[in-house]
Amino acid sequence: MSISITGLGIVSAIGMNLDENLNSLQNLKSGISNIDLINELQENFLGGEIKLTNQELSLIAFGKDQPEVLPRSLLLSLIAAKQAWGENNISPKIKTVIIGATTVGGMDLVEKILEKDVRIQLLAHNPSGIITDYLADYFHLDEFKTTISTACSSAANAIILGSRMIKNGLADRVLVGGGDALTKFTVNGFNSLRIYDTDFCKPFDNNRKGLNLGEAAAYIVLENKKSMAITKNKKVASILGWGNANDAYHQTASSPNGEGAQKAMQLALDEAKLSSKDIDYINAHGTATPNNDLSEGRAIEKLFGQKQLFSSTKAFTGHTLAAAGIIELIYSILSIKNNTIFPTLNHNALMPELKITPVTNIIENITVNTVLSNSFGFGGNNATIIIGK
Amino acid sequence: MNDLKLKLKEQLIEQLNLEDFTVKDIADDLPLFGDGLGLDSIDALEIIVMLDKKFNIKISNPEDGAKIFQSVNTIAEYIENNKS
Amino acid sequence: MAFIHKYSTISKGNTFNQGIIDCCINSKIATDITHPDYKDVIAGINLRRMSVIVKMGLANTIKCSSKNKIDAIVVATGLASLHNSELFLSALLDPRQHILSPTPFVNSVHNTISGEIALHTQNKGYNITYSQGSLSFEGALLDSILLTKEGKNVIVGGVDEAIPPLDNLSAKIKSKEKLTTGSTFFNVSPNKNGSLAEIVNCIITKEKKANYYITDNFNSNEDVLISGHSTCNHSKKINTLNYSKFSGIFMSNPAFGLQLAVELLNANITELDGCKLPSKIKRIFIINHASKNDIGIIILRK
């Protein structure tokens with residue numbers, strides 16, 4: 001069963017479309033800066049902020065001024081989803097579903113409210129599903145729709161569900177992705193856990209102190225052969241395998257040996273019927289927290305050996321929470337398409353616990369056929385996806 | 001010092017929601033992490049918040065917590081030595 | 001393909017111990033939720049940090065577990081822990097607070113329920129959380145059907161909490177009732193032996209198509225329709241039981257409706273809450289019309 005990726009859309013701190021993102025990656029231009037659009041953040045925080053107000057985003061999303069106040073995550077998601085959906089049409093012959101992913105949902109609107117009772121009402125009126133509801137209406141997708149919310153692995157899990165639905169004949173075509181805007185809630189949340197770096201994040205660096213958050217949204221279109229025969233869409237890449245496993249170690253931290261990460265990666269290899277030797281490049285979760293990078297680093301080393309090429313692109317975009325899994329899948333596709341491995345920025349000191357070393361300078365003119373992408377969330381949620389040409 | 005330790009135990013029970021415990025159940029030298037009370041890394045962060053709010057003690061590096069939070073004794077000692 | 005073997009509900013009245021029919025329908029309908037004593041069900045020190053919805057989901061999961069290995073944990077929640085979201089919001093919006101407690105933030109994350117269930121039961125298998133408002137449970141159930149096709153044993157459920165002053169979301173969910181708290185979980189497997197019911201289908205569609213589907217498929221001589229909304233609009237006049245009457249309104253309450261359906265298929269009763277039932281029920285349609293134009297339909301048979 002072939003699962004093809006035929007449409008892509010992405011907005012992040014390093015670009016408002018695919019070409020801009022690629023350009024930034026190739027030119028080593030990070031999008032992390034002082035977060036200045038959120039009022040009354042008590043400290044200065046660095047983050048991958050998209051330097052556009054909601055009004056400006058709304059103008060891009062709708063092509064004109066529109067009066068409805070919509071959550072920022074929704075605006076970002078709509079822009080990305082429109083790019084991905086492109087010229088696709090609804091057809092009774094093509095069973096189409098939509099799967100979204102978010103942790104923030106409409107929280108940016110709720111946290112502006114100072115009155116407690118009003119705030120609770122607004123929270124209840126803006127459940128996570130509102131973004132997918134809006135997109136389903138917008139694209140006239142009238143059948144199955146859902147949203148996955150598993151923190152940092154949300155979009156990866158959404159892609160996995162979409163792939164399994166196609167594999168099992170429950171869908172011919174899937175619009176799938178996720179979006180999370182920067183909010184006071186999440187910035188302060190990660191800071192209260194003392195894993196938010198006051199400096200630029202340094203994935204897999206011995207002196208790493210934590211993450212920088214980012215905001216982004218991205219969507220892709222998955223199709224089976226039957227759908228592609230009708231839509232005539234061209235394949236951009238293929239989904240080859242996937243895996244989801246739970247670390248069951250701690251509410252937020254990963255196990256020291258990366259047991260859950262290893263299991264997810266092995267499941268993905270099994271699903272793809274590949275061995276670890278077949279993976280040309282790993283786009284790691286690599287948040288730059290002391291815990292994740294050690295746990296994931298050990299898991300990668302154990303499963304793939306010391307020579308495995310891997311990097312984290314979070315120093316470009318920040319950690320985009322629910323969107324991380326999908327923007328990094330798109331960067332993995334760009335890797336394949338452009339025969340390039342994008343580096344781990346801000347890296348100066350190797351981790352003594354690991355023998356493997358991350359890619360820290362851009363590698364061009366290298367054949368990349370198969371990429372594995374990791375996304376690990378709170379609650380021990382480990383998700384891995386493998387893509388190929 | 002004994003008053004301080006008593007207050008510490010009361011605050012630990014409240015901040016960490018140790019509903020089944022009374023101050024009598026927490027010996028001064030009971031290990032708080034690992035095999036003793038069994039607290040974890042999130043509890044360590046909550047203790048930092050508690051020390052700041054209730055005792056006006058600031059701990060800037062959470063990694064220092066491992067040493068300071070070994071028992072009620074060690075926390076009380078730290079508070080005594082760092083009173084502003 | 002997907003067979004229900006066990007179920008467990010925490011809801012109004014003593015459903016945790018008595019089930020829904022015995023408790024809600026034969027006895028007087030309770031006004032308040034009855035929580036079991038969680039200390040009796042959940043061992044260990046970590047109970048202290050668990051939010052209400054985690055305790056409910058975990059208690060239900062423990063009650064639903066059997067000697068079969070569980071390969072997947074799938075949770076649906078419309079609103080997750082409102083209590084903790086609001087706690088963290090209050091603290092961060094208070095200018096007097098300069099240092100924030102991390103626990104409410106961690107407990108507000110939507111997949112805390114599925115994560116804590118995995119942690120407490122040491123389950124390292126597939127783990128996921130669905131949050132699509134009033135259609136959250138249908139997403140979770142569809143994934144569970146897929147998982148059984150993949151040969152897996154699944155714990156799947158829906159849980160939501162309401163906190164004061166939440167009430168009267170009538171515009172959003174077409175009900176004048178207050179939001180309430182509830183949790184229902186199931187043990188689902190590909191194994192027909194010893195099962196209580198089979199999940200035939202689970203779909204999400206628009207109202208018009210749903211009406212055609214029901215009209216085409218429902219046979220009032222042998223099928224029963226239970227609905228979450230009392231004024232369902234169906235072109236065929238069908239005697240409908242209303243499950244929300246017993247569960248109260250919460251976003252993932254189709255799970256409650258599903259347990260009621262399972263109980264009905266295994267009970268020997270010909271009338272329930274003023275509704276005459278076929279002497280031998282062939283299938284039960286669980287209709288969720290809680291969201292604008294969207295309808296969730298779950299079909300169950302023995």
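No hydrogens, no waters, no symmetry mates; every other heavy atom, side chains included, goes into these values.
- Contacts between residues 41-55 of chain B and chain A, defined by a heavy-atom separation under 4.5 Å, are made by Ser41(B), Ile42(B), Leu45(B), Ile48(B).
- A salt bridge (Lys or Arg N to Asp or Glu O under 4.0 Å) check over residues 28-42 of chain B, counting only residues at least two apart or in different chains, returns the pairs Lys5(B)-Asp28(B), Lys9(B)-Asp28(B), Asp40(B)-Arg49(C).
- For residues 198-211 of chain A, an interface with chain B (any heavy-atom pair closer than 4.5 Å) does not exist.
- Residues of residues 251-265 of chain A lying under 4.5 angstrom from chain B, judged on non-hydrogen atoms, are Gln251(A), Thr252(A) by number.
- Open room surrounds CG on Asp3(B); 12 or fewer heavy atoms of other groups in view lie less than 6.0 Å from it.
- More than 12 non-hydrogen atoms from other residues, nucleotides or ligands lie less than 6.0 angstrom from CD of Glu80(B).
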